[in-house]
Amino acid sequence: MTVRLYDTRSQALREFDPVVPGRVGIYVCGPTVQSSPHIGHLRSALSYDVLRRWLAHRGLAVTLIRNVTDIDDKILDAAPRSGSEWWAHAYRVELEFAAAYRAIGVQEPTYEPRATGHIGGMLDLIARLVDAGHAYPATDDSGDVYFDTASWPDYGSLTRQSGDALVSGDGEGRARRSPRDFALWKGHKSGEPESAAWPSPWGRGRPGWHIECSAMAERYLGTEFDIHGGGLDLRFPHHENELAQSTAAGSPFARLWVHNGLVTVGGQKMSKSLGNSVFAADLLGAARPVVVRYALAAAHYRSDLDHHAGALVEAEEAVSRIERFLVRAEDEGATPAVVPIPHAFAAAMDDDLGVPQALAVLHETIRRGNQALDAGELDLAGEAAAAVRLMAGVLGVDPLDPAWSAGVREDGSAEALNALVERLIAERQTARESRDWAAADRVRDELAAAGIVLTDTGGGTRWSIDGR
RNA sequence: GGUGGGGUGGCCGAGAGGCGAGGCAACGGCCUGCAAAGCCGUGUACGCGGGUUCGAAUCCCGUCCCCACCUCCA
């Protein structure tokens with residue numbers, strides 16, 4: 001049983017074949033911490049979270065490296081506007097990302113290296129490239145160092161774009177041999193903070209955009225590793241350049257390139273100029289975290305995902321259905337069981353993470369479980385419930401996972417509310433027994449007005465807060 | 001223009017030659033005091049025009065439209 005993944009470079013489904021048997025090294029491009037996390041960042045992180053969970057489920061020892069790029073033009077630009085030093089700005093944004101990731105159940109990466117902590121590794125890599133004749137210092141006194149694309153025939157192999165179209169915006173107007181060449185190192189410019197410059201053989205300066213990922217991937221995963229991931233928008237120039245500089249420096253680099261699809265909002269590209277960005281905080285303010293996760297993880301990771309009014313409502317309904325079944329199974333005494341994950345689910349996940357089909361299996365299992373409960377077949381129901389928890393757990397969308405309530409302060413209000421509602425339920429029951437339907441319905445209506453829904457079941461009346 | 005990816009029922013979203021994934025919504029039924037939940041059932045869906053085939057959403061030809069990247073972006 002092997003996992004197949006779509007590899008961007010070969011444009012084909014490839015069987016996952018680890019460099020080291022039983023282990024998998026994954027490098028994912030994390031954020032450039034310049035501004036608050038948005039829906040696209042969450043979707044991306046979620047894609048690789050599901051990937052690593054599945055590979056781990058398959059028994060592989062996963063090393064997941066997700067970097068933080070904390071030195072960059074954009075950060076230097078943004079920091080003054082927030083009245084902060086660039087490093088303070090970057091760190092504050094990094095904390096926002098961490099909080100958002102944690103909220104939706106993205107597991108911590110094995111390590112989360114920062115670019116600023118790896119300047120030495122970058123300089124080593126640049127030196128290797130210069131020595132090998134694949135990089136050169138600028139001919140002017142800028143202190144820049146460029147990658148020499150003309151010296152590397154494979155340049156462009158990841159995205160197969162014609163040579164003429166490959167123009168890097170980096171180092172515009174400064175001394176480079178070709179507009180395709182990109183900056184590995186940027187000489188310090190007057191006006192830039194002194195704290196944003198590091199010494200180098202080519203003068204004081206800071207790293208170019210792509211070099212940090214090459215350096216950090218090699219440091220933590222070695223010169224050849226299994227999977228490199230990132231957003232579709234990073235294919236060019238970022239990943240193309242990463243691939244070129246690493247391979248030109250003599251590293252085989254990533255075996256598989258995986259790219260997640262982008263998120264549109266109401267069918268439109270999300271952009272600052274359109275002002276239609278949906279931030280993590282917006283989503284988490286609109287729905288409970290497990291619902292946000294479901295909404296962003298339910299589509300296949302490679303497809304475009306359109307976020308629209310109602311998306312969270314639909315996700316809430318789907319999550320509630322899972323939750324209602326699990327709660328019902330427990331309430332009605334379904335026999336606890338230990339079951340393997342359903343074959344159809346595993347087959348779907350093995351096939352390039354077919355989450356949509358996997359969710360179909362999950363929902364079918366719920367239906368069979370409900371059928372079993374209807375028929376009083378508690379063994380079957382218990383097996384279904386166990387399978388559902390297993391599947392939902394792998395996808396990280398088990399509504400009953402204690403992780404979703406971790407951090408929620410327990411102040412006794414839940415018990416207090418429960419006592420009050422149970423009293424009203426008892427009152428209603430008395431009315432029902434004396435066939436006073438008007439009085440019984442009044443209780444139900446009053447609770448409904450407060451957002452509390454009553455459900456009569458074989459085993460008594462349950463209550464829940466609307467939508468939970 | 002170059003490079004990729006798409007157009008599927010009211011909505012979301014899979015599939016990729018042959019019993020109409022799954023979710024949401026809708027309608028009918030069972031259950032219920034009534035509901036809710038649950039279960040059962042109901043949809044002549046595959047951009048358009050041709051073609052191949054016993055059979056096409058799936059293959060071929062043509063055609064229209066959309067999106068992303070090519071400049072910073074998950």
Side-chain angles (χ1 to χ4, degrees), chain A residues 8 11 28-32 34-35 37-48 72-74 77 97 156 158-170 172 209 229-240 259-264 267-272 294-295 298-300 302-311 313-322 324-325 327-328 332 344 348 354-364 366-375 431-433 435-438 440-441 444-445 448 453-458 461-462 464:
Chain A
T8 304
Q11 295 180 282
V28 175
C29 281
T32 296
Q34 49 157 346
S35 56
H38 58 58
I39 185 170
H41 295 116
L42 296 188
R43 199 260 176 122
S44 181
L46 229 28
S47 298
Y48 303 103
D72 173 82
D73 292 351
K74 291 283 191 177
D77 287 348
F97 270 85
L158 181 67
T159 54
R160 290 166 297 280
Q161 309 203 36
S162 71
D164 298 341
L166 302 176
V167 175
S168 167
D170 263 350
E172 211 64 64
W209 174 29
L232 206 49
D233 52 349
L234 293 180
R235 280 176 310 174
F236 188 88
H238 185 55
H239 289 164
E240 192 71 74
H259 289 95
N260 61 277
L262 305 183
V263 179
T264 55
Q268 273 189 317
K269 177 184 165 146
M270 193 166 56
S271 76
K272 279 182 184 164
Y294 190 98
H300 187 93
R302 282 197 284 124
S303 49
D304 293 336
L305 177 66
D306 186 45
H307 182 70
H308 58 96
V313 175
E314 286 174 16
E316 169 61 49
E317 287 303 325
V319 170
S320 292
R321 183 172 158 79
I322 299 170
R324 282 191 302 258
F325 167 63
V327 169
R328 183 186 173 202
E332 299 186 14
V355 170
Q357 297 100 306
L359 282 172
V361 175
L362 187 147
H363 280 101
E364 280 159 5
I366 288 173
R367 186 187 309 117
R368 282 194 286 99
N370 275 317
Q371 284 169 344
L373 288 171
D374 285 352
R432 292 177 75 202
E433 279 160 10
R435 308 210 156 248
D436 183 355
W437 309 125
D441 289 348
R444 188 169 61 195
D445 292 346
V453 178
L454 295 190
T455 305
D456 296 328
T457 72
T461 300
R462 290 192 56 83
S464 58

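Worth knowing before you read on, the calculation uses all heavy atoms, side chains too, and leaves out hydrogens, waters and symmetry mates. Note on naming: letters A, B, ... go to the chains in the order of the sequence lines (proteins, then strands), and numbering restarts at 1 for each one. Everything numeric in this text was worked out from a predicted model, so none of it was measured.
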Distance in angstrom units between [X] [atom1] and [N] [atom2], rounded:
{"X": "K74(A)", "N": "rA74(B)", "atom1": "NZ", "atom2": "P", "answer": "10 Å"}
{"X": "L359(A)", "N": "rG23(B)", "atom1": "CG", "atom2": "P", "answer": "11 Å"}
{"X": "Y294(A)", "N": "rG23(B)", "atom1": "OH", "atom2": "P", "answer": "9 Å"}
{"X": "D304(A)", "N": "rC67(B)", "atom1": "CG", "atom2": "P", "answer": "11 Å"}
{"X": "D306(A)", "N": "rA74(B)", "atom1": "CG", "atom2": "P", "answer": "20 Å"}
{"X": "D73(A)", "N": "rC72(B)", "atom1": "CG", "atom2": "C1'", "answer": "9 Å"}
{"X": "L305(A)", "N": "rC67(B)", "atom1": "CG", "atom2": "P", "answer": "17 Å"}
{"X": "R444(A)", "N": "rC34(B)", "atom1": "CZ", "atom2": "P", "answer": "11 Å"}

Pairing partner (Watson-Crick or G-U wobble, both distances under 3.5 angstrom) of rA68(B)
rU3(B)
Just name whichever nucleotide pairs with rG28(B), Watson-Crick or G-U, keeping both distances under 3.5 Å, else none.
rC40(B)
Provide the distance between the two [atom1] atoms, one in [N] and one in [M], to the nearest whole Å.
{"N": "rA26(B)", "M": "rG18(B)", "atom1": "C1'", "result": "30 Å"}
{"N": "rA56(B)", "M": "rC19(B)", "atom1": "P", "result": "11 Å"}
{"N": "rA25(B)", "M": "rU42(B)", "atom1": "C1'", "result": "14 Å"}
{"N": "rU52(B)", "M": "rG15(B)", "atom1": "P", "result": "29 Å"}
{"N": "rG47(B)", "M": "rG28(B)", "atom1": "P", "result": "32 Å"}
{"N": "rA14(B)", "M": "rC46(B)", "atom1": "C1'", "result": "12 Å"}
{"N": "rG62(B)", "M": "rC69(B)", "atom1": "C1'", "result": "28 Å"}
{"N": "rC64(B)", "M": "rC72(B)", "atom1": "C1'", "result": "33 Å"}

Would you mind telling me which of [options] lies closest to the side-chain atoms of [X]?
{"X": "A440(A)", "options": "rA25(B), rG13(B), rG33(B)", "answer": "rG33(B)"}
{"X": "H38(A)", "options": "rG22(B), rA74(B), rC34(B)", "answer": "rA74(B)"}
{"X": "E314(A)", "options": "rA14(B), rA25(B), rC12(B)", "answer": "rC12(B)"}
{"X": "M270(A)", "options": "rG33(B), rG13(B), rA74(B)", "answer": "rA74(B)"}
{"X": "F236(A)", "options": "rA74(B), rC72(B), rC69(B)", "answer": "rC69(B)"}

On RNA chain B, compare the nucleotides closest to R432(A) and N260(A); which residue's is nearer the 5' end?
R432(A)
Given that Q357(A) and S44(A) both sit by RNA chain B, which one's nearest nucleotide is further toward the 5' end?
Q357(A)
Mind checking [X] for me? I need base, sugar-phosphate or nothing, with any heavy atom below 4.0 Å counting as a touch.
{"X": "R235(A)", "answer": "sugar-phosphate"}
{"X": "H238(A)", "answer": "nothing"}
{"X": "G231(A)", "answer": "sugar-phosphate"}
{"X": "V313(A)", "answer": "nothing"}
{"X": "L262(A)", "answer": "base"}
{"X": "D72(A)", "answer": "nothing"}
{"X": "H300(A)", "answer": "sugar-phosphate"}
{"X": "Q11(A)", "answer": "sugar-phosphate"}

Can you tell me if the side-chain N/O atoms of H41(A) get under 4.0 Å from OP1 or OP2 in rA74(B)?
yes
Does S303(A) have a side-chain nitrogen or oxygen under 4.0 Å from the phosphate oxygens OP1 or OP2 of rA14(B)?
yes
Would you say the side-chain atoms of R328(A) and N370(A) include a donor-acceptor pair closer than 3.5 Å?
yes
Side chains of D72(A) and T32(A): donor-acceptor distance under 3.5 Å anywhere?
no
pair I366(A)-H363(A): side-chain heavy atoms closer than 4.5 Å:
yes
Using a 4.0 Å heavy-atom cut-off to protein, can you give one letter per nucleotide of nucleotides 36-43 of chain B, 5' to 3': B if the base is in contact, S if only the sugar-phosphate is, - if neither?
BSSSS---
Ignoring hydrogens, what is the shortest heavy-atom contact between F97(A) and H41(A)? Give both atom names and the distance.
CE2-CG, 3.5 Å
